[in-house]
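FYI, side chains are in, hydrogens and waters are out, and symmetry mates aren't considered; it's all heavy atoms of this structure. In each ligand, atom 1 is the first atom listed, and ligand 1 is the first ligand listed.
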Amino acid sequence: MNQLTTAHIQEAAEYIRAKTADRPEIGLILGSGLGVLGDHMTDVTVIPYHDIPHFPISTVEGHAGELLIGTLAGRKVVLMRGRFHMYEGYGPELTAFPVRVMKALGAGALIVTNAAGGIDTGFGTGDLMLITDHINLTGRNPLIGPNDDELGARFPDMSEAYSKRLRQIATEQAAAQGFELRSGVYAGLLGPSYETPAEIRMLRTLGADAVGMSTVAEVIAARHSGLEVLGISCISNMAAGILDQPLSHAEVMGTTERVKSKFLGLVLAVIPQI
Ligand code: HPA
């Protein structure tokens, strides 16, 4: 087990603090193709992941691999352009490590976004879905191993993993912008193969509305750290077997590209309200 300790977190945070005087209040983790938010930051300090002690390096196309610290919609934020997935071979604690660092930098809230396959047949591609809850089907957990009580509780409560307060804000802001924000349960799987149609039928029976390969480890670590979480999925494709067509990463990227202004508008409107 490659256990990351408070010392590793502090070392990464100290490196970042030495690069900027900004003390971020909100962390953002952006999914495939959604890194565009970073372009709207001002007074930004860009730090490549490979320069930050103990940070893993992102390998997926569409994920840039840099940490941005600066101002977004009037608030100080730390934004991950590109995230780490367990399917890349990282353990869950490494996947969640940046969340720990965000907390150490002073963040009190985390916005996570992802691309996801729509399971609810009422959804359409390009819809944005507010994550109301998740089902962790990765079989992994970033909290496995000795617990550091200074970071959080041994058995953290997950009954409100996705903050009601932040969900309310997002719902109001979407309505103000004239679009309907879908909501539902996100099933987090390991990937990287997409699901089979039988697996999607199973997930529907289990109560999932969308499926993806990220987010759950980060959110578990965030809740363990006491961060308030807002999660938004971009329904980039309908899940396997729902439409009579194959799934592709190109479709996922194409849809996120198409909806990025809607996504951007929502997040920029939410941030000042947090
Ligand atoms: N399944 C899993 N992960 C995904 C999907 C999907 O259909 N679309 C985007 N990420």
Could you list the donor-acceptor pairs under 3.5 angstrom formed between side-chain atoms of residues 96-118 and any protein atom two or more places apart in sequence or on another chain?
from   : atom 1 : to     : atom 2 : distance (Å)
Arg100 : NH1    : His224 : ND1    : 2.9
Arg100 : NH1    : Ser225 : OG     : 2.9
Arg100 : NH2    : His224 : ND1    : 2.9
Lys103 : NZ     : Ser225 : O      : 3.0
Thr113 : OG1    : Ile29  : O      : 3.4
Thr113 : OG1    : Gly31  : N      : 3.0
Asn114 : OD1    : Ser233 : OG     : 2.7
Asn114 : ND2    : Thr215 : OG1    : 2.8

Please tabulate, one line per pair, the protein N or O atoms found under 3.5 Å from any N or O atom of ligand 1, giving the distance to one decimal.
from     : atom 1 : to     : atom 2 : distance (Å)
ligand 1 : 1 (N)  : Glu195 : OE1    : 2.8
ligand 1 : 1 (N)  : Glu195 : OE2    : 3.4
ligand 1 : 7 (O)  : Asn237 : ND2    : 2.9
ligand 1 : 8 (N)  : Gly117 : N      : 3.4
ligand 1 : 8 (N)  : Asn237 : OD1    : 2.6
ligand 1 : 10 (N) : Ala115 : O      : 3.3

Mind checking salt bridge (Lys or Arg N to Asp or Glu O under 4.0 Å) for Glu25 and listing every partner two or more places apart, or none if nothing turns up?
-> Arg75
Polar side chain donor-acceptor pair, Arg167 to Ser183, under 3.5 angstrom = no
Shared hydrophobic cluster, Met86 / Tyr186 (ILVMFWY, side-chain heavy atoms < 4.5 Å) | no
Side chain to side chain contact (heavy atoms under 4.5 Å, CB included) partners of Leu243, counting only residues at least two apart = Met238, Gln245
In terms of hydrophobic clustering (I, L, V, M, F, W, Y; side-chain heavy atoms under 4.5 Å; direct or indirect links), are Leu30 and Leu181 co-clustered?
-> yes
